[in-house]
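Only one structure is covered here, and it is reproduced in the block below.
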Number of protein chains: 2
Amino acid sequence: MAKRISTQEKILNAAEALFAEQGFEQTSLRQITTEAEVNLASVNYHFGSKKSLIQAVMARYLEVFMPSLQTELEQLAATGNFTTREVFNCFRKPLSDMGQVRKHGPTLFLSLLGFAYAEIQGHLRRYTMEHFGDVIALLLETLHQANPQLSPVDMFWRLHFVLGATVFAQVSGPALREIAAADFGEAVAADQVIDRLIPFLAGGVDATTDTPVAQ
Amino acid sequence: MAKRISTQEKILNAAEALFAEQGFEQTSLRQITTEAEVNLASVNYHFGSKKSLIQAVMARYLEVFMPSLQTELEQLAATGNFTTREVFNCFRKPLSDMGQVRKHGPTLFLSLLGFAYAEIQGHLRRYTMEHFGDVIALLLETLHQANPQLSPVDMFWRLHFVLGATVFAQVSGPALREIAAADFGEAVAADQVIDRLIPFLAGGVDATTDTPVAQ
DNA sequence: ATGCATTTAAAACATGCGTTTTAATTTATA
DNA sequence: TATAAATTAAAACGCATGTTTTAAATGCAT
């Protein structure tokens, strides 16, 4: 006997899948409620507004992911000496952990994160900083320790490049994996993209800053 | 005497600025026609549809950018031996050239490119491949020559990570530059972001592929 | 200057959105 | 079981969108 799923959960489950696939703005409440097989008005009844629903979807992931990431980072920091790549490897366990909570959890979460930034959802950024600002700060600090030669400004920019590459890889992930499979006859599992990503990110962050004169 | 600007051009100019700022979907025809000081219906009269307008906006840039990039790549390839960073430097001149055609050209173009991918405008991808597929192929080939150790699959993925980081840097560029200026008291010009980006990208592409075991 | 084609203007159309309202129904409590 | 609260259902609201239609204005040949 499958345990009864509440209307809230039905909505959250349908919403997160559609959000990760299409983005927040592109997904309508009617799509969500149809998929969830609940009444249209129940979204506003249970969550108040679409904006609050988006926040609830993200919160469900962040509440699992952030503490887990914090643990990993603190564990690494305790070793005293580490590389950039090891810092990024701290993301592996928290991500795969979410796969046990919810199938396709890692992919969903990263896609959601991607759209959250791509669509410049100011309220999401605010929410994240408010609830998990200390984890973000820890991440920045740890990365800086691994790269003391980088100025704070340099690190700021590179970290956002990292975010961009990550987000993009997830958002266009399904389409890309399809093309890759067709062109190279090699299927790449969703959670293996991270294996390709981490070396790239670490290489980018570790790059020398000296700029050869163009032209 | 400023030369008379046609309705088409007024629309294109207003549209590209708004698209680059807000994205394609978020920008309404009413916004565009108000900004351009033309009638609402003139967009559909001159361009047929919003989708065609988006394509026209992109085409105006691509027709300048792509041939210029092709020239740079061919010039580099003729030298016989080159680094990844030199390949990415090939983007500098074509980008800055567009600044002479239109003020803020480089930033606008990269932002547009960003939204084109972020919003998964299938028709734009098709258009680009149809008209400039050979330049894309040349870029891939040149990058592969600079990195013969990378398999085609590896290069495929890394090139998309590159695209993601680039796109993201541009799309969230204005907001990021603002934060950077506030946090570090250092204003960064829009076209200087590329100076920070290229080392990162080259470092990422050049990274070793061996993956240390996680955990 | 006249007549025709092109372009602009104003209004309406059809559709989809998030949200609200009202009533019916289910659930829980006393 | 009776009553109150919580939830679901159905419909409509107000608004914004891209597009189309119809008429007026303009440009440009003859």
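Per chain, numbering begins at 1; letters A, B, ... match sequence-line order. Only this structure's heavy atoms are used, side chains among them; waters, hydrogens and symmetry mates stay out.
Side-chain contact between Leu69(B) and Phe132(B) is absent, with no heavy atoms from C-beta onward closer than 4.5 Å. Residues His131(A) and Leu62(A) have side chains not in contact (no heavy-atom distance under 4.5 Å, counting atoms from C-beta outward).
The distance from atom CD1 of Ile11(B) to atom P of dT7(C) is 12 Å, rounded to the nearest whole Å. The distance between atom OH of Tyr45(B) and atom C1' of dG18(D), rounded to the nearest whole Å, is 19 Å. In this structure, Phe47(B) atom CZ and dT20(D) atom P are separated by 16 Å, rounded to whole Å.
Summarising the geometry, atom CG belonging to Leu163(B) is positioned 7.0 Å from atom CG belonging to Leu159(B); distances are rounded to the nearest 0.5 Å.
Summary for the helix from dA1(C)-dT30(D) to dA30(C)-dT1(D): the axes at its two ends, each from 5 pairs, differ by 0° when rounded to the nearest 10 degrees.
Remark: His46(B) is in phosphate contact with dT8(C), judged by side-chain N or O atoms under 4.0 Å from OP1 or OP2.
Using the six-membered ring where Trp is involved, Phe200(A) and Phe200(B) have ring planes that are perpendicular, over 60° apart on the 30 and 60° scheme.
Inspection of the Thr71(A) and Ser68(A) side chains reveals no N or O donor paired with an N or O acceptor under 3.5 Å. Ser42(A) and Asn39(A) share no donor-acceptor pair across their side chains, judged by distance under 3.5 Å alone.
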Fill in the blank from the handout: 5' to 3', nucleotides 9-18 of chain C under a 4.0 Å protein heavy-atom cut-off (B base, S sugar-phosphate only, - none) gives BB-B----BB
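By the 4.0 Å N-to-carboxylate-O rule, Arg92(A) lies too far from Glu72(A) to be salt-bridged with it. With respect to the salt-bridge test (charged N to carboxylate O, under 4.0 angstrom), the residues Lys10(A) and Glu35(A) do not qualify.
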